[in-house]
Amino acid sequence: MSNVLTITRPDDWHLHLRDGATMADVLPHTARQFARAIVMPNLKPPVTTTEQAAAYRERILAALPAGMQFEPLMVLYLTDNTPPEEIRRAHASGFVKAVKLYPAGATTNSDAGVTDLSKCYKTLEVLQETGMPFLVHGEVTDPAIDLFDREAVFIDRIMKPLRQAMPELKVVFEHITTKEAADYVLAGEGPTAATITAHHLLFNRNEIFKGGIRPHYYCLPVLKRETHRQALVAAATSGNDKFFLGTDSAPHAKGLKEHACGCAGCYTALHALELYAQAFDQAGALDKFEAFASFNGPAFYGLPRNEGSVTLKRESWTIPAELPMGDTTVVPLSAGEQINWKMA
Ligand SMILES: NC(=O)N[C@@H](CC(=O)O)C(=O)O
Ligand SMILES: [Zn+2]
Ligand SMILES: [Zn+2]
């Protein structure tokens with residue numbers, strides 16, 4: 001049993017930094033662990049142009065504490081009206097690394113998202129040419145579809161036709177939560193990869209209802225049953241280079257989570273690597289962690305691996321009950337619980 005784990009400095013391939021005072025408090029948490037992060041564009045208003053991405057990137061770099069090294073990898077938010085030229089501008093910028101699909105109404109700040117993906121095919125053809133990945137929140141929004149089935153139905157209704165129309169498009173199926181999604185990626189229809197969060201590796205949907213309703217375990221796509229969690233753990237620890245780390249850390253104010261209509265999102269930027277280490281350790285697969293956290297993502301994005309390393313130690317500590325963030329408070333995932341790994 002190894003008690004120390006040193007890996008090449010990892011990246012977070014799916015992160016919500018937010019903006020303003022919240023961003024200033026998230027950044028040190030992320031930059032302590034990760035060299036780079038794919039920064040999600042679902043701000044209010046969303047980051048839909050290269051110009052907005054440039055301004056957001058400048059705000060991030062200005063908020064980074066002195067002495068911390070961190071590179072934000074910017075993402076454009078696709079809308080029904082994103083013109084093909086915007087994708088060319090984004091690619092030419094060098095700092096925009098991907099384009100994101102939010103089906104309209106699927107998740108937090110997705111109102112400006114896409115209502116019908118086939119309307120975007122002209123724009124996606126240009127994206128395919130550039131080689132930049134298309135990041136997908138993979139859930140249908142059809143109210144007739146059971147909430148727990150929305151990811152699986154998305155594969156048939158959206159992923160498969162997209163893959164047929166765009167055989168070379170690099171696609172990242174973000175924050176996968178089901179065996180169906182893991183199997184779809186494993187089947188290897190074209191260049192498709194997936195990110196997996198720590199919380200979907202650690203928990204099944206029982207966690208949301210243990211002893212009462214627990215809003216800090218509510219995120220989208222929602223946690224699924226245990227068979228799905230096991231399929232995700234198998235995928236993440238398989239050594240298959242199509243799967244990589246993306247925390248989907250998504251801060252929401254405590255009062256908006258503990259609410260009659262609570263927001264979706266789990267805050268894990270504080271302790272992401274420790275949570276993942278716990279999941280890989282429980283699966284007896286610590287030897288597979290470095291590729292998942294540090295090698296597979298850059299390989300898919302066509303970026304170099306990071307220099308340097310981070311070290312985790314087997315040491316028990318208690319996750320704080322809450323964290324001051326901007327002018328509010330955020331409750332981290334598994335607040336008040338013990339965790340067995342600690343960043344050195
Ligand atoms: N995952 C979540 O539950 N929430 C994310 C949005 C998203 O990634 O879907 C957020 O921005 O709050
Ligand atoms: Zn999402
Ligand atoms: Zn997200």
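Just follow the structure's listing: the first ligand is 1, and inside any ligand the first atom is 1. Quick caveat: nothing in here was measured; it's all calculated off a predicted structure.
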Round to 10° and report the angle made at the Zn ion (ligand 2) by ND1 of H137 and NE2 of H175.
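Taking the Zn ion (ligand 2) as the apex, the two atoms subtend 100°.
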Using the side-chain contact (heavy atoms from CB on, under 4.5 Å) definition, which of the options V114, V99, I87 pairs with T82?
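Checked V114, V99, I87 against T82; only one passes side-chain contact (heavy atoms from CB on, under 4.5 Å): I87.
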Counting only heavy atoms from other residues, nucleotides and ligands, does the tally under 6.0 Å from CG of L256 exceed 12?
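Yes - once you tally the heavy atoms of other residues, nucleotides and ligands closer than 6.0 Å, there are more than 12.
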With a sphere of 6.0 Å drawn around CD of Q69, does it hold more than 12 non-hydrogen atoms of other residues, nucleotides or ligands?
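Count not over threshold, so no.
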For ligand 1, is there an atom lying under 4.0 Å from some heavy atom of H175?
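Under 4.0 Å: yes for H175.
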Is E139 close enough to touch ligand 1? Criterion: a residue heavy atom under 4.0 Å from a ligand atom.
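E139: no contact with ligand 1 (<4.0 Å).
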Name of the D248 N, O or S atom nearest the Zn ion (ligand 3)?
OD1
For the Zn ion (ligand 3), which N, O or S atom of H14 is at the shortest distance?
NE2
Locate the shortest heavy-atom distance separating Y184 from T192; write the atom from each residue and the value.
CE2-CG2, 4.0 Å
List the atom of M166, the atom of L124, and the distance in Å for their closest heavy-atom pair.
CE-CB, 3.9 Å
For ligand 1, which atoms sit closer than 4.0 Å to a heavy atom of [X]?
X: H137; answer: 9 (O)
X: C219; answer: 3 (O)
X: H14; answer: 8 (O)

Tell me which protein heavy atom sits closest to atom 4 (N) of ligand 1, plus the residue, atom name and distance to 0.1 Å.
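Result: A264 O, 3.1 Å.
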Specify the protein heavy atom at minimum distance from atom 5 (C) of ligand 1: its residue, its atom name, and the distance to 0.1 Å.
H16 NE2, 3.6 Å
Backbone or side-chain N or O of D248 under 3.5 Å from ligand 1 N or O
yes
Please check whether Y102 reaches ligand 1 - meaning an N/O of the residue sits under 3.5 Å from an N/O of the ligand, judged on distance alone.
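Y102 vs ligand 1: no N/O contact under 3.5 Å.
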Parallel, tilted or perpendicular: rings of W317 and H271 (30°, 60°):
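Plane angle over 60°, so perpendicular.
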Return the option from N42, T107, L220, T247 holding the heavy atom at the smallest distance from atom 11 (O) of ligand 1.
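Heavy atom nearest to atom 11 (O) of ligand 1 belongs to N42.
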Output field: ring centroids Y301/W13 closer than 6.0 Å
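Centroid distance Y301-W13: below 6.0 Å, so yes.
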At a non-hydrogen distance cut-off of under 4.0 Å, which region of [X] contacts ligand 1 (side chain, backbone, both, or neither)?
X: M40; result: neither
X: H199; result: neither
X: A250; result: side chain

Decide whether [X] and [Y] meet the rule of one side-chain donor and one side-chain acceptor closer than 3.5 Å.
X: E274; Y: Q278; answer: no
X: N306; Y: R36; answer: yes
X: H16; Y: D248; answer: yes

